[in-house]
Amino acid sequence: QVQLVESGGGLVQAGDSLRLSCAASGRTFSSYVMGWFRQAPGKEREFVAASSRSGTITYYADSAKGRFTTSRDNAKNTVYLQMNSLKPDDTAVYYCAAQENGRRVGVMREYDYWGQGTQVTVSS
């Protein structure tokens with residue numbers, strides 16, 4: 001079992017940056033592939049980014065490429081999502097998630113554990 005707690009969300013203006021954090025507790029953090037998803041009002045939850053167990057390999061949705069960067073610090077049991085050049089369309093609740101199998105990192109049902117989410121609101 002692993003518990004995930006996101007933080008760092010808030011209200012920002014278009015063009016600003018935010019860094020989200022996701023702190024994990026429980027079993028060995030480095031054994032999990034970590035993902036970030038988001039859900040905007042009235043829309044389905046969608047994949048944003050993911051990192052391999054070591055953090056050396058990262059994956060991004062097209063909407064995140066070039067603007068968002070995910071990283072992890074296994075010594076601190078924390079994964080990050082650095083978001084730059086934010087747009088109003090990035091407004092959503094952002095969730096981190098963990099999976100043991102490392103399969104299909106962009107697919108929600110592959111993830112075993114989820115955080116409670118943190119709200120990001122980008123004003124125009």
Side-chain angles (χ1 to χ4, degrees):
Q1 188 89 9
V2 62
Q3 293 78 42
L4 304 173
V5 179
E6 302 95 336
S7 61
L11 172 63
V12 297
Q13 293 186 332
D16 286 351
S17 298
L18 272 179
R19 188 176 81 156
L20 306 183
S21 299
C22 173
S25 60
R27 291 178 59 188
T28 306
F29 178 69
S30 60
S31 67
Y32 293 95
V33 169
M34 298 299 297
W36 287 96
F37 290 77
R38 68 185 183 184
Q39 188 166 17
K43 295 186 178 180
E44 294 186 352
R45 196 171 297 188
E46 64 178 7
F47 171 72
V48 176
S51 67
S52 63
R53 295 176 181 85
S54 66
T56 56
I57 302 173
T58 54
Y59 311 84
Y60 296 96
D62 287 344
S63 60
K65 288 178 182 176
R67 299 188 300 127
F68 295 2
T69 302
T70 188
S71 60
R72 62 192 295 165
D73 185 339
N74 286 344
K76 295 183 178 179
N77 286 5
T78 302
V79 63
Y80 305 97
L81 184 67
Q82 177 68 43
M83 305 186 293
N84 299 328
S85 302
L86 283 162
K87 306 173 183 179
D89 284 349
D90 295 318
T91 295
V93 177
Y94 284 71
Y95 299 88
C96 70
Q99 64 159 289
E100 295 182 279
N101 292 325
R103 290 195 298 253
R104 299 189 297 173
V105 297
V107 177
M108 281 180 51
R109 61 179 178 270
E110 296 291 351
Y111 287 81
D112 305 296
Y113 306 101
W114 291 83
Q116 84 289 348
T118 186
Q119 176 72 47
V120 172
T121 303
V122 184
S123 64
S124 57

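At distances below 3.5 Å, at least one donor-acceptor pair connects side-chain atoms of Y111 with backbone N or O atoms of V105. The backbone N or O of V93 lies less than 3.5 Å from no partner atom in the side chain of R45, so there is not a single donor-acceptor pair. Under the 3.5 Å distance criterion, the side-chain polar atoms of N101 are left unmatched by any main-chain donor or acceptor of E110. Under a 3.5 Å cut-off, the side chain of T56 and the backbone N or O of S54 do not form any donor-acceptor pair. At least one donor-acceptor pair closer than 3.5 Å links the side chain of S123 to the backbone N or O of V12. Of the possible polar contacts, none joining the E6 side chain to the T118 backbone as a donor-acceptor pair under 3.5 Å is found. Not a single donor-acceptor pair under 3.5 Å links the side chain of S51 to the backbone N or O of T58.
Criterion: ILVMFWY side-chain heavy atoms under 4.5 Å apart, direct or through other members. Under it, F37 and L81 are not part of a common hydrophobic cluster. By the criterion of side-chain heavy atoms lying less than 4.5 angstrom apart, applied directly or through intervening Ile, Leu, Val, Met, Phe, Trp or Tyr residues, L20 is not grouped with V33; the two fall into different hydrophobic clusters. In the hydrophobic clustering of ILVMFWY residues, with side-chain heavy atoms under 4.5 Å counting as a link, L4 and V48 come out together.
No salt bridge links D90 with K87; every basic N to acidic carboxylate O contact stays at or beyond 4.0 Å.
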- request: Verify side-chain contact (heavy atoms from CB on, under 4.5 Å) between R109 and R104, making sure each step is shown before the conclusion.
  value: CA-CA 9 Å; R109 61 179 178 270; R104 299 189 297 173; 3.8 Å; yes

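In this structure, the separation between CZ on R67 and CG on N84 is 9.0 Å, given to the nearest 0.5 Å. Atoms CZ and CZ, on R53 and F29 in that order, are 12.0 Å from each other to the nearest 0.5 Å.
Closest heavy-atom contact between S21 and T78: CB-CG2, 4.3 Å. A pairwise comparison of heavy atoms in R38 and A92 identifies CB-CB, 3.8 Å as the closest pair.
Here the side chains of V79 and T70 are in contact, with some heavy-atom distance below 4.5 Å.
For Y59 and F47, the ring centers sit 6.0 Å or farther from each other.
Relative to the six-membered ring of Y80, R19 meets both conditions, a distance below 6.0 Å and an angle of at most 45° to the axis.
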